[in-house]
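To start, the structure under review is shown below, and the notes come after it.
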There are 2 protein chains.
Amino acid sequence: MPRRTDLSDTYCPVGRSAELVGDRAVLLILRDLFFGVRRFEAFQANTGLGPQILADRLKRMEREGVVERKAYQQRPVRHEYWLTDKGKALFDILYAMRNWAERWAYSPGETGYDGHAVRYTHRKCGADVGLATVCPECGDILGYGDLKGEMSPVLIAEREARASA
Amino acid sequence: MPRRTDLSDTYCPVGRSAELVGDRAVLLILRDLFFGVRRFEAFQANTGLGPQILADRLKRMEREGVVERKAYQQRPVRHEYWLTDKGKALFDILYAMRNWAERWAYSPGETGYDGHAVRYTHRKCGADVGLATVCPECGDILGYGDLKGEMSPVLIAEREARASA
DNA sequence: ATAGTAACTATGATAAACATAGTAACAAGC
DNA sequence: GCTTGTTACTATGTTTATCATAGTTACTAT
């Protein structure tokens, strides 16, 4: 889609974020990055994105400073994509998206959806945090690094089915 | 852009949110809705979107149940767009986007940017909450309704300039 | 009868996305 | 030393969304 209007110079902070995060492909890549995925082919398998939008978005994200390309082997040179601090800080946005969807985007008796699609536990105290941003057990404010995410069986099955296709 | 892949039936919560929120236009409309804007022409002026993507997105958002069209006058019938509860719950995502951008998306000496582009205060205790999700003064968890947002002078000027053009 | 207001719809050019195929640079096996 | 495999992409052409601009509907006010 032609996007002539550039929002990266607006004074509105939501506009500036939207320039990066207002894009399905970027969000799917970020999701995978937060689950520990680092390689091109894995992103392709998990997100279902074609190689060029994937390549294009990874370049964009690198230009914006949210990911870094790191060589993990020479001969032949192969790269992995790692989140920078600026990238890791995007966690709160993804987490808010997850929380919203878990609460509002699943129909009541949806098949295979019991509890939550992704369960987060507080690394420090082990508590299941539900949809909270503050640990219900110890009261800590929760951010990237504090939380451990685990996919539910249906979600794992879905990802495996996609990866093998 | 052709978007053949539909994410609304994935089990991944980020995927489901991305289907709605992974779109620049939707984000800009939501931003305005959270600032109290309700009318078509005002959205157009503030977001810079053309009338058809605006109309298309508002329909999509209505279909998704995040906004409601309400007639504010008869003869001729005119409508306003109001956030539903499901829509209001999206605040956390927008707030996370604002927080990320205020911290990471402005260059150090950027003209006119002193402090924050949008300042939020806790309605209950009056404290400036900065970039927090928990009130630094009284410790309350902050969500939609608890916060009052105020645009900085540069941002107001930018919006007025856009509206008059 | 003309001008104004608010919320759109219609039209055509442009640019982005998708599917599919192909390339580069090697390693490993036969 | 030739084929197969691996990983990370690039190239090509069709499909589809977006943008800019203009026009429409249904009225009120002067």
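Chain A is the first sequence line, chain B the second, and so forth, proteins listed ahead of strands; every chain is numbered from 1.
- Contact annotation for Y72(A): backbone-only contact, meaning every heavy-atom pair under 4.0 Å involves sugar-phosphate atoms and none involves a base.
- For the pair K59(A) and dA8(D), the criterion of a side-chain N or O lying under 4.0 Å from OP1 or OP2 is not met.
- Contact between the side-chain N/O atoms of R78(A) and the OP1/OP2 oxygens of dA27(C) is not found at any separation under 4.0 Å.
- Of the listed nucleotides (dA7(C), dA27(C), dT10(D)), dT10(D) has the atom at the smallest distance from the side chain of A55(A).
- What separates CD1 of I53(B) from C1' of dA10(C) is a distance of 16 Å, to the nearest Å.
- R98(A) and E102(A) are joined by a salt bridge, as a carboxylate oxygen and a charged side-chain nitrogen come within less than 4.0 angstrom of each other.
- Checking dC18(C), dT18(D), dT10(D) against the side-chain heavy atoms of D23(B) singles out dT18(D) as nearest.
- For D146(A) and K124(A), the salt-bridge test fails: no basic side-chain N is under 4.0 Å from an acidic carboxylate O.
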>> Does T133(B) form a side chain to side chain contact (heavy atoms under 4.5 Å, CB included) with I141(B)? I'd like the steps, not just the answer.
In response: CA-CA 6 Å; T133(B) 54; I141(B) 296 173; over 6 Å; no
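- The side chain of Y81(B) contributes an N or O atom lying less than 4.0 Å from OP1 or OP2 of dC8(C).
- L54(A) has its CG atom 10 Å from the P atom of dA8(D), to the nearest Å.
- By the 4.0 Å N-to-carboxylate-O rule, R39(B) lies close enough to E80(B) to be salt-bridged with it.
- For R57(B), a side-chain nitrogen or oxygen approaches OP1 or OP2 of dT18(D) to under 4.0 Å.
- Checked for salt-bridge contact, R24(A) and D23(B) miss the test: no charged N lies under 4.0 Å from a carboxylate O.
- One can place CD of Q44(B) at 11 Å from P of dC8(C), the figure rounded to the nearest angstrom.
- Under 4.0 angstrom from either OP1 or OP2 of dT7(D) there lies no side-chain N or O belonging to R38(A).
- A cation-pi arrangement is found for R16(B) relative to Y106(A), the charged atom lying closer than 6.0 Å to the ring centre and inside a 45° cone about the ring normal.
- Within 3.5 Å, a donor on the side chain of Q52(B) pairs with an acceptor on the base of dT11(C), or the reverse.
- Rounded to whole angstrom, the span from the CZ atom of R69(A) across to the C1' atom of dA8(D) amounts to 9 Å.
- For the pair Q73(B) CD and dA6(C) P, the interatomic distance rounds to 9 Å; values are reported in whole Å.
- In terms of position on DNA chain C, the residue among L49(A) and H79(B) whose nearest nucleotide sits closer to the 5' end is H79(B).
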> What would the secondary structure line of DNA chain D be in dot-bracket form, counting Watson-Crick and G-U wobble pairs under 3.5 Å, with [ ] for pairs that cross earlier ones and | for pairs with another strand?
Replying inline: ||||||||||||||||||||||||||||||
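- Applying the ring pair (Phe, Tyr, Trp, His ring centres under 6.0 Å) rule to F34(B) yields the partners F91(B), Y144(B); only residues at least two apart in sequence or on another chain are considered.
- For P51(A), counting side-chain heavy atoms from C-beta on, the closest listed nucleotide (dC19(D), dC8(C), dC9(D)) is dC9(D).
- Checking dT18(D), dA27(C), dC9(D) against every side-chain atom of F40(A), the shortest atom distance belongs to dC9(D).
- Straight-line distance from the CD atom of Q74(A) to the P atom of dA25(C): 14 Å, rounded to whole Å.
- In the set dC18(C), dT28(D), dA27(C), dT28(D) carries the atom at the smallest distance from any side-chain atom of R75(B).
- At least one cation-pi condition fails for R69(B) and W82(B): the charged atom is not both under 6.0 angstrom from the six-membered ring centre and inside a 45 degree cone around its axis.
- Looking at the side chain of E41(A), the nearest of the listed nucleotides dA21(C), dT7(D), dT21(D) is dT7(D).
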